[in-house]
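This report concerns only the one structure given below.
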Amino acid sequence: MLASKVAILLAKRMTINQTKQIHAAILVNGLLDLESLLVQQIINSASSYSYYTSHYIKLVLNHVQNLDVFSVASTIRFYSRHCQFREAVNLYGKLQRCGLSPSTFAVSSALKACARILYRSGGISIHAQVYKYGFCNVVYVQTALVDFYSKVGNMDFARSIFNEMVEKNIVSWNSVLGGYVKSGDLTMAQSVFDEMPEKDVISWNSMVYGYARMGNIEQAYALFRQMPESSSASWNAMISGYVDCGKIELARSFFEAMGQKNNVSYIILISGYSKSGDVESAEELFGKLYKKDQLVYNAMIACYAQNSWAKEALQLFNAMLRLDLQPDEMTLASAISACSQLGDLKFGSWIESFIHETGIQMDDFLATSLIDLYAKCGSIDKAHKLFHGLKKKDLVAYTAMILGCGINGRAKDAIKLFDEMMNAEINPNIVTITGILTAYSHIGMVEEAYRCFISLQKYGLAPSVDHYAIVVDLLSRAGRLEEAHGLIKSMSIQPHAGVWGALLLGCSLHNNLELGEIAATRCIELEPDSSGYLSLLANIYASSGRWDDAERLRKGVEEKGYNKLPGCSWMEEVKA
DNA sequence: TTAGGGTTAG
């Protein structure tokens with residue numbers, strides 16, 4: 001009686017309170033096997049993943065007394081099918097904590113989830129359990145393992161498991177093929193493709209994508225034309241391949257020629273435009289799409305954030321919240337980056353509390369965006385705390401932290417972090433160098449900065465104009481004006497006014513009239529509307545006793561009506 | 001078993 005009531009009510013979509021009541025009734029009547037039915041009914045009746053569904057499931061799973069493997073395994077698969085991979089992995093963990101033995105179904109579903117979020121250690125520990133529970137010869141499990149190792153880029157493991165399989169199905173073949181394509185080994189991919197006893201549309205799509213992303217347009221197009229049947233994924237493979245090799249125009253023409261476009265087609269192009277800095281084209285596409293899902297919003301918000309359109313990123317993020325679309329780790333990482341660009345600590349902190357309240361996983365990407373936010377807004381201790389909590393400190397995390405210390409005048413900490421990074425054998429990039437040079441500059445460590453600058457080549461990096469500006473500034477302040485001038489003259493790229501300005505400032509500090517005149521002339525050529533350079537030159541004339549010249553310049557400044565811009569900070573005011 | 005979104009400067 002109660003069982004049929006559960007089924008009926010769930011078919012009608014119960015409210016959360018009704019779910020609670022039904023569950024209570026099940027417990028009161030001691031009908032524990034109905035708990036399993038309750039979970040399965042919820043899953044079967046859920047056509048899509050929504051806030052409601054996830055709430056139902058969590059509610060039941062958290063209160064279930066007799067958790068059974070079948071319900072849990074179905075729920076893991078449900079999560080995976082709806083791209084809730086972290087939830088799937090967490091639930092697999094819960095299954096184990098409850099002392100239940102996993103089924104082959106649970107294992108392969110959990111492996112799939114680990115593969116999708118590139119959760120290496122999770123997948124490897126499930127692999128160990130495969131041996132423990134004797135699932136080694138189950139073709140679904142073996143295939144899930146091949147897929148997992150292919151996706152995380154360990155082709156040696158993937159291949160050895162694949163080779164050991166007595167029975168292989170097309171899924172196993174496609175998994176190993178996809179792995180070679182992803183790792184860029186087209187020779188191996190082609191040989192697997194040629195060896196396959198049968199090929200389906202997925203096998204063809206992998207090859208098309210592989211050749212397109214390597215820039216081999218002719219081969220990609222030839223295969224695309226040759227394939228016996230094509231799907232929307234085939235078109236998307238071409239579009240995505242062209243985007244990956246930087247041929248955005250070609251990607252667009254394929255997109256236009258495509259019949260039934262889907263959200264994936266839009267996302268591939270929006271992110272392509274984002275990478276090429278064409279925000280307007282991305283916006284145009286976004287506007288054209290009628291049914292936008294969470295991932296399309298994420299792509300557009302990321303596009304705004306990556307291209308310094310921070311206000312637009314936050315506006316769209318707010319619009320997403322108003323539409324009741326659930327933001328995830330990726331949405332929030334972009335939104336926090338936008339807050340950081342605006343110095344909007346208030347909104348950024350709100351997002352952090354949102355993360356804690358909604359139970360969103362604070363992964364390293366998200367934590368790094370918060371580190372950057374707090375460091376830029378002066379909360380360096382909070383940034384430090386988050387930095388130490390990272391699972392893996394990568395280049396971006398170190399860089400954000402080094403920059404943060406540099407900005408906050410903690411040059412010694414920045415240098416310590418830089419050394420730590422080098423010891424961890426993480427090579428710096430251009431951004432890291434900017435951070436460390438800024439730090440050296442703060443405390444006037446000329447030699448160290450110069451050495452760091454010279455060592456750029458060691459890492460295959462070309463110094464940017466800003467790097468030159470920092471080093472010229474350091475040398476000039478230290479009175480090494482000739483060296484600074486020599487450095488500018490050796491530049492293979494065009495120096496901007498900041499570089500010459502640094503030399504001019506040094507000349508003003510050390511009263512070098514000859515070089516000061518040269519530097520000021522260059523500055524005025526490059527930025528004729530700025531009065532600061534004239535004033536600095538006037539100072540040099542005055543110090544050298546050339547009062548007439550000093551006066552002439554100061555009068556010139558006054559007559560032209562230059563205004564000194566007041567200093568300003570981007571950091572938004574925070575009311576306690 | 002295929003295709004899509006995230007963090008660091010200026």
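Note that these values count all heavy atoms, side chains included, but never hydrogens, waters or copies made by symmetry. Each chain gets a letter, A, B and so on, in the order the sequences are listed, and its residues count up from 1.
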Whole-Å distance between [N] [atom2] and [X] [atom1]?
X: A:M362; N: B:dT7; atom1: CE; atom2: P; result: 16 Å
X: A:I336; N: B:dG6; atom1: CD1; atom2: P; result: 15 Å
X: A:Y273; N: B:dG4; atom1: OH; atom2: C1'; result: 16 Å
X: A:Y209; N: B:dT1; atom1: OH; atom2: P; result: 19 Å
X: A:D394; N: B:dT8; atom1: CG; atom2: P; result: 12 Å
X: A:H496; N: B:dG10; atom1: NE2; atom2: C1'; result: 8 Å
X: A:I371; N: B:dA9; atom1: CD1; atom2: P; result: 13 Å
X: A:R213; N: B:dG4; atom1: CZ; atom2: C1'; result: 15 Å

With sugar-phosphate meaning primed atoms plus P, OP1 and OP2, does [X] contact a base, only sugar-phosphate, or nothing at under 4.0 Å between heavy atoms?
X: A:A302; result: sugar-phosphate
X: A:K151; result: sugar-phosphate
X: A:N205; result: base
X: A:L366; result: base
X: A:S334; result: sugar-phosphate
X: A:S337; result: sugar-phosphate
X: A:L295; result: base
X: A:I430; result: base
X: A:D244; result: nothing

State whether [X] places a side-chain N or O below 4.0 Å from either non-bridging phosphate oxygen (OP1 or OP2) of [N].
X: A:K376; N: B:dA9; result: yes
X: A:Q306; N: B:dT7; result: yes
X: A:S175; N: B:dT2; result: no

Can you figure out which of [options] approaches the side chain of [X] most closely?
X: A:A233; options: B:dT2, B:dG6, B:dT1; value: B:dT2
X: A:K112; options: B:dT1, B:dG6, B:dA3; value: B:dT1
X: A:L403; options: B:dA3, B:dT8, B:dG6; value: B:dT8
X: A:T434; options: B:dT1, B:dA3, B:dA9; value: B:dA9
X: A:T399; options: B:dT8, B:dT1, B:dT7; value: B:dT8
X: A:N429; options: B:dT8, B:dT1, B:dG6; value: B:dT8
X: A:A400; options: B:dT1, B:dT8, B:dG6; value: B:dT8

Whether [X] side chain and [Y] backbone form a donor-acceptor pair below 3.5 Å:
X: A:N216; Y: A:A212; value: no
X: A:S274; Y: A:I270; value: no
X: A:R77; Y: A:A106; value: no
X: A:H388; Y: A:K385; value: no
X: A:N205; Y: A:A237; value: no

Determine whether any donor atom in the side chain of A:D363 lies under 3.5 Å from an acceptor atom in the base of B:dG6, or the reverse, and answer yes or no.
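In this structure, the two groups form a donor-acceptor pair.
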Does A:D293 make a side-chain donor-acceptor contact with the base of B:dG4, cut-off 3.5 Å?
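Per atom types, the contact qualifies.
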Would you jot down, in residue-number order, the residues of residues 251-271 of chain A having a non-hydrogen atom under 4.0 Å from DNA chain B?
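Hits under 4.0 Å, by residue number: A:N262, A:N263, A:V264, A:I267, A:I268, A:S271.
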Distance check, rounded to the nearest 0.5 Å: A:H467 atom NE2 versus A:T434 atom OG1?
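If we round to the nearest 0.5 Å, A:H467:NE2 and A:T434:OG1 are 3.0 Å apart.
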Distance from A:D185 atom CG to A:M155 atom CE, nearest 0.5 Å?
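Between atom CG of A:D185 and atom CE of A:M155 there are 8.0 Å.
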Within residues 198-213 of chain A or reaching into it, pairs that qualify as salt bridge (Lys or Arg N to Asp or Glu O under 4.0 Å) - sequence neighbours excluded:
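Applying salt bridge (Lys or Arg N to Asp or Glu O under 4.0 Å) to every pair that reaches into residues 198-213 of chain A, excluding sequence neighbours, yields nothing.
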Distance-only check: which donor-acceptor pairs under 3.5 Å involve side-chain atoms of residues 138-146 of chain A, not counting sequence neighbours?
| unit_1 | atom_1 | unit_2 | atom_2 | d |
| --- | --- | --- | --- | --- |
| A:Q142 | NE2 | A:C136 | O | 3.0 |
| A:T143 | OG1 | A:V139 | O | 2.8 |
| A:T143 | OG1 | A:S172 | OG | 3.1 |

